[in-house]
Amino acid sequence: MDKNTPVTIFWFRRDLRITDNAGLYHALKSGNPVLPLFIFDKEILGELEDEDDARVTFIYNKIEDLKSALNTHHSDLEVVYDTPEYAFTKLIKDHKIAAVYTNHDYEPYAAARDGAVKQLLAKHNIEFKTFKDQVIFERAEVVKDDGKPYTVFTPYKNKWHQKLKPFYLKAYPNEQYLKNLYLFKATALPSLTTMGFTKSDAKFPETGYEKFIADYAEKRDFPAIKGTSHIGLHLRFGTVSIRQCATDAHKAHEKTWLNELIWREFYMMVLHHFPKTMDNAFKPDYDNIKWINNEQQFKAWCDGETGYPLVDAGMRELNTTGYMHNRVRMVVACFLSKDLLIDWRWGERYFARKLLDYEMASNVGGWQWAAGSGTDAAPYFRIFNPESQLKKFDPKLEYVKKWVPEYADLSKYPKPIVDHAFARDRCLKAFKTALS
DNA sequence: TGATTGTTGGA
DNA sequence: CCAACAATC
C-alpha cells in the first residue's frame, strides 16, 4: 500500500494484546487499514530510577510478541522511542492519517498527555477516538442514585453487580477483522540499550489465573502457599482481558477473587472522583499527623532489616522479585505508617518504584487503607501486630525462612528497630492528637 | 482483611 | 486455669 492510502492508527498503551481489545476492534472496523503503533514514551521512561526496571523488560518482551503476531498477518508494529508529540508529528508527515484510535488511560499523566495529543491531531483534522477497555466499569458508571461517588466498598460492589449485563463481559471478536490491518514494514525496533535500560532477569508470572479462583478465599492469606494468581501485572499492561477475567470469575461459584477485580475498579473510581487523594489524605484530618519520618528506619524498612521477620520477608520478596504477597503488603504498610510513623506517601513511592504490578489507584488506595486515612479505611486504632500476623499467616515460618534465611540463626538477625508495644501506644497518641 | 485488656463462668 | 466474650483503643 502506498503512502496516500488513508490509515487509522491504533495506539497500544496498557492493552498489549490483540485478542478482545476494544479500541483495536473499533479501529479495525473504521473503514481504513489499521496501522498499529506503540510509543516508548521518553517522559515516562525518564522518570524511572532503575536501569534494570523489570517493567520495561516486560513491556519490551510483549512489544516483540505483538510485532511478530502482527507480522503473521503481513502487518507490523511501528515502535517509536520519543515523546507522543514527536511520534505523531512524524507519523503525520509519513502517512495520510484518517484517525487515531486508542483505549482510555486514566492516571493523571495519561489524561494530560491524551489531551495534548488530541489537540495536536485536531490541528490536522485528525480524529482522536478512545474507548473503555481496561475495566468493566469506569469513572462514573457505578455511582449512587444521586450521582455521587461511593466511598464504601460494599455498596459499590452491590451496585457493580446490579449494573452488570452480559454485554459488558462480551469479548471483542478481533480475529475476524485482522484482514483490515495495514500491510507494511515498520522501522527497526529500538533496542533496550538505546533507551537506557538493561534486560532484567526478573521472572514474570504466567497469565493463567483460572486455577486460583476456586480456592482463592481459603488460600490467599498464606504467603507460603501458591494461592494467589499474580494477575495484577497482566491487568496493568493489558496482557489479559478484564472481560475474560471477570467472565471466568463470574462462572466460578466463588466470589472472593472477583471481589478483588471490583476493588481495583473501586479504587480507580475513587481516584477519578478524588484525584487529590493521589498524594493527600482522603480524610483531610489525617494530614495533621506529625510523622516522625526517620530516614534510617525508612531505609531499614526498605531493605528488610527491621527485625520483624514477616515485615523483612515481605520487603525482601519485593526487592528480589518485584512482587509481594497481598497479606504481607498490608502488614508492611501498617508497620511503616503506624509502628514507625513514617508518612504513607514514602511507602507508596517505594512500592511504585518496585512493584511490577504497580497501579496508582490500587496502590494509593491500599496505602491509605493501611494508614487509616482513606475511603473505607481500616480504623486508625486497628494496628497489626507483626508477631501475631506471623503466627496466624506463616505459622511454620516457611515464607520467612525463604526470604530471611538468617532468621534460623538469631545471632545474625537484627533486633527489632522499634518495640511494637511502645510503637502502638505512640501511634495511638499521635493519631489521637492529629484527629482531635 | 485487629489487638489488647478485663470479665465471666465452667473445668 | 483458660476459653469465650465485650469493651476499648
Side-chain angles (χ1 to χ4, degrees), chain A residues 150-158 160 212-213 215-225 227-232 249 254-267 270 282-283 285-286 288-290 306 308-311 313-314 323-341 344 347-348 351 357 359 361-395 399 416 418-436:
Chain A
Y150 287 102
T151 56
V152 178
F153 176 68
T154 306
Y156 172 84
K157 179 190 73 184
N158 294 339
W160 192 98
F212 294 97
I213 296 174
D215 298 336
Y216 182 71
E218 190 191 324
K219 293 184 174 169
R220 64 164 176 167
D221 268 323
F222 302 95
I225 297 178
T228 60
S229 57
H230 295 225
I231 203 61
E254 224 293 314
K255 287 274 190 253
T256 315
W257 195 79
L258 178 60
N259 271 352
E260 296 303 311
L261 301 182
I262 303 175
W263 270 108
R264 171 174 172 270
E265 300 195 0
F266 173 72
Y267 279 137
V270 169
F282 177 79
K283 297 177 190 146
D285 284 359
Y286 281 69
N288 296 332
I289 293 163
K290 295 268 183 290
T306 67
Y308 284 97
L310 187 56
V311 174
Y323 175 81
M324 193 194 308
H325 188 276
N326 188 54
R327 164 57 54 178
V328 191
R329 291 187 198 196
M330 295 189 281
V331 173
V332 304
C334 188
F335 185 79
L336 186 80
S337 55
K338 300 210 169 115
D339 284 57
L340 297 182
L341 276 177
W344 61 266
E348 198 276 333
F351 273 25
D357 60 23
E359 183 140 49
S362 302
N363 202 51
V364 165
W367 273 94
Q368 295 225 41
W369 176 86
S373 63
T375 56
D376 205 9
Y380 75 85
F381 46 78
R382 191 175 286 167
I383 300 169
F384 285 97
N385 180 327
E387 300 284 358
S388 43
Q389 288 283 311
L390 176 62
K391 282 203 183 82
K392 266 193 214 167
F393 299 114
D394 188 31
Y399 178 73
V418 65
D419 173 67
H420 175 68
F422 162 80
R424 179 174 187 276
D425 192 51
R426 178 178 66 179
C427 173
L428 289 170
K429 285 186 177 120
F431 275 59
K432 228 181 212 175
T433 307
L435 303 176
S436 63

I'd like a table of donor-acceptor pairs (distance under 3.5 Å, sequence neighbours excluded) in which one partner is a side-chain atom from residues 422-430 of chain A, with atom names and distances.
from      : atom 1 : to        : atom 2 : distance (Å)
Asp425(A) : OD2    : Lys429(A) : NZ     : 2.8
Arg426(A) : NH2    : Asp339(A) : O      : 2.8

Which atom pairs, donor and acceptor, lie under 3.5 Å between side-chain atoms of residues 215-225 of chain A and protein residues at least two apart or in another chain?
from      : atom 1 : to        : atom 2 : distance (Å)
Arg220(A) : NH1    : Glu260(A) : OE2    : 3.0
Asp221(A) : OD1    : Arg327(A) : NE     : 2.9
Asp221(A) : OD1    : Arg327(A) : NH2    : 3.2

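First and last contacting nucleotides of DNA chain B toward chain A (any atom under 4.0 angstrom from a heavy atom, 5' to 3' order): dT1(B) to dT4(B).
Residue Lys392(A) is in sugar-phosphate contact alone, with no base atom involved, counting any heavy-atom pair closer than 4.0 Å across all strands shown.
Between the side chain of Ser388(A) and the backbone N or O of Asn385(A), at least one donor-acceptor pair lies under 3.5 Å. At distances below 3.5 Å, not a single donor-acceptor pair connects side-chain atoms of Gln389(A) with backbone N or O atoms of Leu310(A).
Taking the ring pair (Phe, Tyr, Trp, His ring centres under 6.0 Å) definition, one finds that His420(A) meets it with nothing, sequence neighbours left out. Scored by the ring pair (Phe, Tyr, Trp, His ring centres under 6.0 Å) test, Tyr380(A) finds Phe431(A) as partners (sequence neighbours excluded).
Taking the six-membered ring where the residue is Trp, Trp263(A) and Tyr267(A) present tilted rings, their angle falling between 30° and 60°.
Side-chain atoms of Thr375(A) and Tyr156(A) form no donor-acceptor pair, as typed in the model, at a separation below 3.5 Å.
Residues from residues 364-383 of chain A placing a heavy atom under 4.0 Å of any atom in DNA chain B, listed by number, are Phe381(A), Arg382(A), Ile383(A).
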